[in-house]
Each structure stands twice: as C-alpha cells, then as structure tokens.
Amino acid sequence: MIEIRLHNTKSRRREAFVPIDPGHVKLYVCGPTVYDHVHIGNARPVVVFDVLVRLLRQVFPRVTYVRNITDIDDKINAKSRETGEAIASITARTTEWYHRDMAALFALPPDIEPRATGHIVEIVAIIERLIERGHAYEAEGHVLFAVKSDAEYGAFSGRSPDELLAGARVDVAPYKRDPGDFVLWKPSTGELPGWDSPWGRGRPGWHIECSAMSWKHLGESFDIHGGGDDLIFPHHENEIAQSTCAFPGSGFARYWLHNRMLLVNGEKMSKSLGNFITVGQALERAPGEVIRFLLLKTHYRSTLDFTDAALLEAKRELDRFYRALAAHCDWAVANTVPDSVLLPLADDLNTPGAIAALHTLADAALAGDRNAASSLKAAGAILGVFNHRPADWFRGDDADTARIEAAIAERIAARRARDFTRADAIRAELADSGIILEDSPAGTSWRRA
C-alpha cells in the first residue's frame with residue numbers, strides 16, 4: 001500500500017496519514033455560505049479536496065466525504081432584506097448555482113452534504129454540553145463560548161492572546177465575560193429565521209454549525225478536516241474548542257489541511273479592484289476542465305495567480321495531452337494509475353509533480369507507446385481531467401460548435417454566390433479563433449489548431 005503523507009496544520013509538519021479505521025476514512029470540508037455566486041477562490045478548496053478524495057479512494061476501501069452547506073447566516077439575512085426575496089428562495093437558488101459551477105469543474109459531489117438548518121437539534125445538544133461543562137454561558141439571550149475556559153485555545157492557530165482578540169473581529173458587547181468570547185447562539189427577532197431553544201427563540205452562530213454537522217455524520221473523532229487557510233482563525237480554532245470541550249478526549253479531527261488563497265493578476269481578489277471573478281464568469285473565459293487544471297498546476301499550499309495567460313497555458317497543456325490520447329489511446333482499455341502519478345500525489349498532494357509525470361507519459365504516447373497513452377488516461381481520472389473524448393475536446397462545447405458550424409454554413413453560401421471575398425474573410429476569422437477549415441470533395445470539416 002502506498003503511504004500518504006500530508007502537511008498537518010495542527011502539528012505544522014508533514015506526517016504519515018494513518019486513519020483511525022483503515023477500512024473507513026472520514027473527512028469533512030467546509031462548504032459555501034449560499035447567498036450569491038461563488039468566486040474562483042471558493043473553487044480552489046473544492047478542486048483540491050476532490051483530488052484528495054480521489055487519491056484516498058485509490059488506497060482505502062471506503063471513504064466518506066462530507067462537505068456542508070451553510071444556509072443560515074447573517075449574510076443570507078442581509079441579502080433577503082436587500083432584495084426582498086425569501087431566505088428559502090435565496091438559499092435554494094444559490095445552492096443550485098454552486099452545484100452547477102462545481103459540476104462544471106468536474107468536482108465529484110460529496111457523499112453527504114448536510115445543511116446547517118437541518119442540524120438545530122445537534123447544535124442545541126452541543127451547546128448544552130458546553131454549558132454543563134463550564135465552557136459556555138448564557139447572557140441576554142445569547143450563549144457564548146468562554147475562551148478562557150479552554151487552556152488550549154489559540155494553540156491551533158499559534159496566536160498570542162492579543163493576536164487572538166485582534167484577529168477575532170468580534171463585537172465587544174457588555175454581556176461578554178471576555179471580549180474574545182464568541183457566539184454559539186443568538187436571539188432572533190420576528191423577521192429573522194429562528195428556532196425554539198432553552199435560551200429562547202434564536203439561531204446558531206457560524207462556528208457551532210460545522211461542529212454539529214461533523215459530529216452527526218462522522219462522529220466525535222474523524223480523520224481529516226479541510227478548508228481554505230482563511231478559516232484557520234477564527235473558524236477552525238473555534239470549531240476545535242467547541243468540539244473538544246463538548247467531547248473531552250475525542251481529539252475532533254486528527255489531520256488538518258488548508259489550501260492557500262489565490263490572486264488575480266498578482267493582486268488579492270476584490271470587487272473594489274475590479275478583479276473579482278465568479279466561477280460563472282471564469283467559465284465564460286475557458287472550459288471548466290481548463291480552470292480545474294490551472295487550479296491544480298500550483299501546489300495547494302502555495303499561492304496561485306489566476307490570469308488569462310495562465311488559462312491559455314493550461315489550455316495548451318491539455319490540448320497536448322488530448323493529442324497524445326487521440327493518437328494512441330484505446331478509450332475502451334482500462335489501465336491502472338501509474339505510480340509515477342500516484343507517488344507525487346501521496347506526497348502531500350504534489351499536483352505539479354503529478355502533472356510533470358503526465359507530460360512524461362504524453363511524450364511516450366506521442367512517440368507511439370499505446371500503454372503510455374492508456375496510463376495517461378487512467379492518470380487523468382485521479383486528477384479529474386480528460387473528461388472528454390479527444391474529438392469532442394477539440395470540437396469544443398455545444399454553443400461553440402453551433403457558432404462554428406453556422407459560420408461554415410455562411411461561408412458555403414458565400415462561395416455558392418461567388419462572394420469569395422466574404423468566404424475568405426470567414427475562413428480568416430475562424431483561423432484567428434483557432435479553427436482550421438479543411439475543404440474536400442465530401443464537404444468542409446473543421447478542427448482546432
């Protein structure tokens with residue numbers, strides 16, 4: 001069995017991955033808050049942990065992958081007030097957008113996709129346990145976690161008490177015993193969503209939701225917890241505090257993985273800078289497989305720069321792989337993923353190393369090695385690429401195909417009308433967009449350059 005080594009944020013070092021139960025690996029990844037279109041930064045952890053799940057399934061007999069939906073949040077409430085749209089309508093629509101966008105990036109759906117609103121019973125149960133153990137208290141309709149009750153608080157993120165308070169960005173309310181105490185439950189007015197609880201009608205804080213959902217579906221202890229590095233503090237720090245204090249001795253998640261954020265044209269993505277890109281907008285620039293491949297070209301713990309030039313280069317690399325597959329791959333032959341690809345992935349998800357191995361396989365395939373071509377196709381499956389037959393890849397999507405074929409029909413009509421100037425102009429326009437026309441007695445065919 002291949003040994004998997006992962007960089008554990010908790011220990012700050014690379015460790016051999018040893019699951020609690022080798023027969024059943026369990027992992028939890030923080031999902032979206034559904035109130036709007038997700039941006040490409042949100043897509044990076046989805047693609048990263050999708051590859052991790054594919055790798056784990058190569059090595060272990062059973063893997064349960066949980067990724068949540070946060071469908072109760074102040075951002076959602078604010079969107080409802082702003083637009084007048086019902087909260088249920090907002091969350092249903094934006095969840096559908098999210099599923100569509102992630103499917104376009106060829107991310108496998110999680111085995112379980114819990115929603116926060118479906119776990120109020122578990123949330124209340126954990127809060128009650130925390131109060132009983134002296135780790136939480138009620139104040140003016142709120143329930144707060146007492147950070148000073150947990151001697152380990154701050155160890156995960158490695159922050160000093162002053163840094164914890166400065167970074168928490170929490171309201172310094174008069175009912176708090178300590179300014180750093182964070183909300184587990186808060187009261188809801190009539191126009192806000194709320195549920196009955198021992199502390200009155202209210203709704204959960206953000207952090208407690210993930211503790212409840214992971215507990216319900218994976219148990220008190222599980223193997224891997226993942227997310228973007230922007231979640232290390234306060235979200236994951238607070239999750240650990242809640243869960244370990246509610247379930248002493250559980251350990252919660254054993255391995256913590258965090259991907260770095262991405263830049264757009266060398267700058268942090270921001271609406272004010274005009275470089276905020278949703279997944280839908282990115283899909284207008286390039287096919288989903290190209291975006292996915294670009295997200296994998298940089299190691300998940302390194303910053304990735306998302307640019308049009310990088311998209312173009314990712315497309316060229318995929319074109320080369322598909323040419324190798326077109327030349328010599330028997331699409332019906334199922335091959336195993338070669339160790340040259342598996343081993344880099346087992347070394348802390350070294351996707352750049354795995355992609356380098358793909359290029360070596362493509363070199364051999366283009367030189368006529370049919371086995372290398374079959375191995376290339378199998379290797380693509382673990383990275384979530386090569387989702388098209390080569391002929392379909394080079395023809396593009398349905399909308400693009402319709403555009404090209406309409407232009408060809410216009411060119412044929414122009415030639416019949418002996419308007420050769422227009423016919424030549426259409427050929428040139430298509431060539432400029434990478435489409436090569438080939439005329440023969442059987443008619444006109446096309447291919448991508």
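- Atoms CD1 and CG, from Ile112 and Leu218 in turn, are 6.5 Å apart once rounded to the nearest 0.5 Å.
- Open room surrounds CD on Glu96; 12 or fewer heavy atoms of other groups in view lie less than 6.0 Å from it.
- Between the Asn259 side chain and the Tyr300 main chain, no donor and acceptor come within less than 3.5 Å of each other.
- Between His7 and Arg13 there is no side-chain heavy-atom pair separated by less than 4.5 Å.
- Ring-plane geometry between Trp97 and His37 is classed as parallel, the angle between the planes falling under 30 degrees on a 0 to 90 degree scale with a further cut at 60.
- For the pair Glu289 (side chain) and Val385 (backbone), a donor-acceptor distance under 3.5 Å is absent.
- For Asp101, the side-chain contact (heavy atoms from CB on, under 4.5 Å) test picks out Val38, Val279, Leu283, with sequence neighbours left out.
- Every residue two or more places apart in sequence or in another chain that forms a side-chain contact (heavy atoms from CB on, under 4.5 Å) with His24 is listed here: Asp21, Lys26, Arg62, Thr64.
- With contacts defined as side-chain heavy-atom distances shorter than 4.5 Å, the pair Leu27/Asp223 does not qualify.
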### Task
For the pair Arg81 and Leu192, evaluate side-chain contact (heavy atoms from CB on, under 4.5 Å) and give the outcome as yes or no after the intermediate values.
CA-CA 10 Å; Arg81 287 195 302 271; Leu192 290 172; 4.0 Å; yes
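- No donor-acceptor distance shorter than 3.5 angstrom exists from the side chain of Glu209 to the backbone of Ala116, with no hydrogens or angles considered.
- With rounding to the nearest 0.5 Å, the separation of OG in Ser374 from CG in Leu325 is 9.0 Å.
- Lys315 has a carboxylate O that lies under 4.0 Å from a charged side-chain N of Asp319, or vice versa, which qualifies the two as a salt bridge.
- Tyr137 is linked by a side-chain hydrogen bond (donor to acceptor under 3.5 Å, both in side chains) to Asp181, counting only residues two or more places apart in sequence or in another chain.
- Between Asn238 and His207, the side chains place a donor N or O and an acceptor N or O closer than 3.5 Å (distance only, hydrogens not considered).
- Tyr153 and Phe145 have tilted rings, their planes meeting at an angle from 30° to 60° on a 0 to 90° scale.
- At least one donor-acceptor pair closer than 3.5 Å links the side chain of Asn8 to the backbone N or O of Arg254.
- In this structure, CG in Leu55 is found 9.5 Å from CZ in Phe17, a value given to the nearest 0.5 Å.
- Side-chain atoms of Glu85 and Ser80 form no donor-acceptor pair, as typed in the model, at a separation below 3.5 Å.
- His142 places no side-chain N or O within 3.5 Å of a backbone atom of Leu144 that could act as its donor or acceptor partner.
- Between Phe156 and Trp256, the distance separating the two ring centers is shorter than 6.0 angstrom.
- Shortest non-hydrogen contact noted between Asn275 and Val264 is ND2-O, 3.4 Å.
- Atoms OG and CD, on Ser197 and Glu128 in that order, are 8.5 Å from each other to the nearest 0.5 Å.
- Remark: side-chain polar atoms of Ser188 are paired, donor with acceptor, to backbone N or O of Pro193 under 3.5 angstrom.
- With 3.5 Å as the limit, one finds no donor-acceptor pair spanning the side chains of Thr303 and Asp305.
- The shortest non-hydrogen separation linking Leu366 to Ala324 is CD2-CA, 3.6 Å.
- Ring pair Trp393/Tyr322 is parallel by interplanar angle, where below 30° counts as parallel and above 60° as perpendicular.
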#### Entry: Verdict with reasoning, Asp339 to Ile2, per side-chain contact (heavy atoms from CB on, under 4.5 Å)
CA-CA 9 Å; Asp339 284 351; Ile2 290 177; 4.0 Å; yes
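- Using modelled atom types and a 3.5 Å distance limit, the side chains of Ser211 and Glu239 yield no donor-acceptor pair.
- Annotation: side chain of Met261 is in contact with side chain of Asp229 (closest heavy-atom distance under 4.5 Å).
- Within the structure, ring pair (Phe, Tyr, Trp, His ring centres under 6.0 Å) contacts touching residues 351-384 (residues at least two apart or in different chains) are Phe321-His359.
- Using a 4.0 Å cut-off between a side-chain N of Lys or Arg and a carboxylate O of Asp or Glu, Asp74 and Lys79 do not qualify as a salt bridge.
- You'll find the side chain of Tyr255 stays beyond 4.5 Å of the side chain of Thr9, heavy atoms only.
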### Task
Just do the side chain to side chain donor-acceptor pair (under 3.5 Å) check on His217 and His119 with the steps written out, would you?
CA-CA 11 Å; His217 299 287; His119 295 74; 2.9 Å; yes
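- Proximity of a side-chain donor or acceptor of Asp50 to a complementary backbone N or O of Ala107 within less than 3.5 Å is not detected.
- For the pairing with Phe222, the ring pair (Phe, Tyr, Trp, His ring centres under 6.0 Å) check across Phe247, Phe252, Trp215 returns one residue only, Phe252.
- Contact between Met102 and Ala43 at its shortest, heavy atoms only, is CE-CB, 4.4 Å.
- In this structure, Ser243 contributes its side chain and Ile240 its backbone to no donor-acceptor pair below 3.5 Å.
- Annotation for Gly180 and Asp178: closest pair N-OD1, 2.8 Å, computed over non-hydrogen atoms.
- Residues Ile355 and Phe293 are in side-chain contact: their nearest non-hydrogen atoms beyond the backbone lie under 4.5 Å apart.
- Ion pairing between Glu3 and Arg5 holds under the 4.0 Å rule for side-chain N and carboxylate O.
- Under the side-chain contact (heavy atoms from CB on, under 4.5 Å) criterion, Thr298 pairs with Arg44, Ser302, Leu304, not counting sequence neighbours.
- Thr278 and His39 are not linked by any side-chain donor-acceptor pair at a separation below 3.5 angstrom, with hydrogens and angles left out of the test.
- Distance CZ/Arg177 to OG/Ser149: 9.0 Å, rounded to 0.5 Å.
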### Query
So Trp206 and His235, ring-ring contact (aromatic ring centres under 6.0 Å, His included) or not? Walk me through it.
CA-CA 8 Å; Trp206 173 36; His235 187 51; 4.0 Å; yes
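- Looking at Tyr35 and Thr94, their side chains never come closer than 4.5 Å, going by heavy atoms from C-beta outward.
- The main-chain N or O of Phe106 is found under 3.5 Å from a side-chain atom of Arg292 such that the two form a donor-acceptor pair.
- Remark: Ala212 engages Glu122, Ile123, Ile126 in a side-chain contact (heavy atoms from CB on, under 4.5 Å) (not counting sequence neighbours).
- Between the side chain of Arg67 and the main chain of Cys30, no donor-acceptor pair closer than 3.5 Å is present.
- Using a 4.0 Å cut-off between charged nitrogen and carboxylate oxygen, Lys297 and Glu317 count as a salt-bridge pair.
- Between Cys245 and Arg129 there is no side-chain heavy-atom pair separated by less than 4.5 Å.
- Rounded to the nearest 0.5 angstrom, Leu296 CG and Ile291 CD1 are separated by 12.0 Å.
- Classification of Arg57 and Asp111 as a salt-bridged pair holds, one side-chain N sitting under 4.0 Å from a carboxylate O.
- The shortest distance between side-chain heavy atoms of Val337 and Leu345 does not fall below 4.5 Å.
- Side-chain contact check for Asp71 and Thr117: at least one donor-acceptor pair (N or O, by modelled atom type) lies under 3.5 Å.
- Ionic pairing of Arg14 and Asp347 is present here: one or more N-O contacts between side-chain nitrogen and carboxylate oxygen are shorter than 4.0 angstrom.
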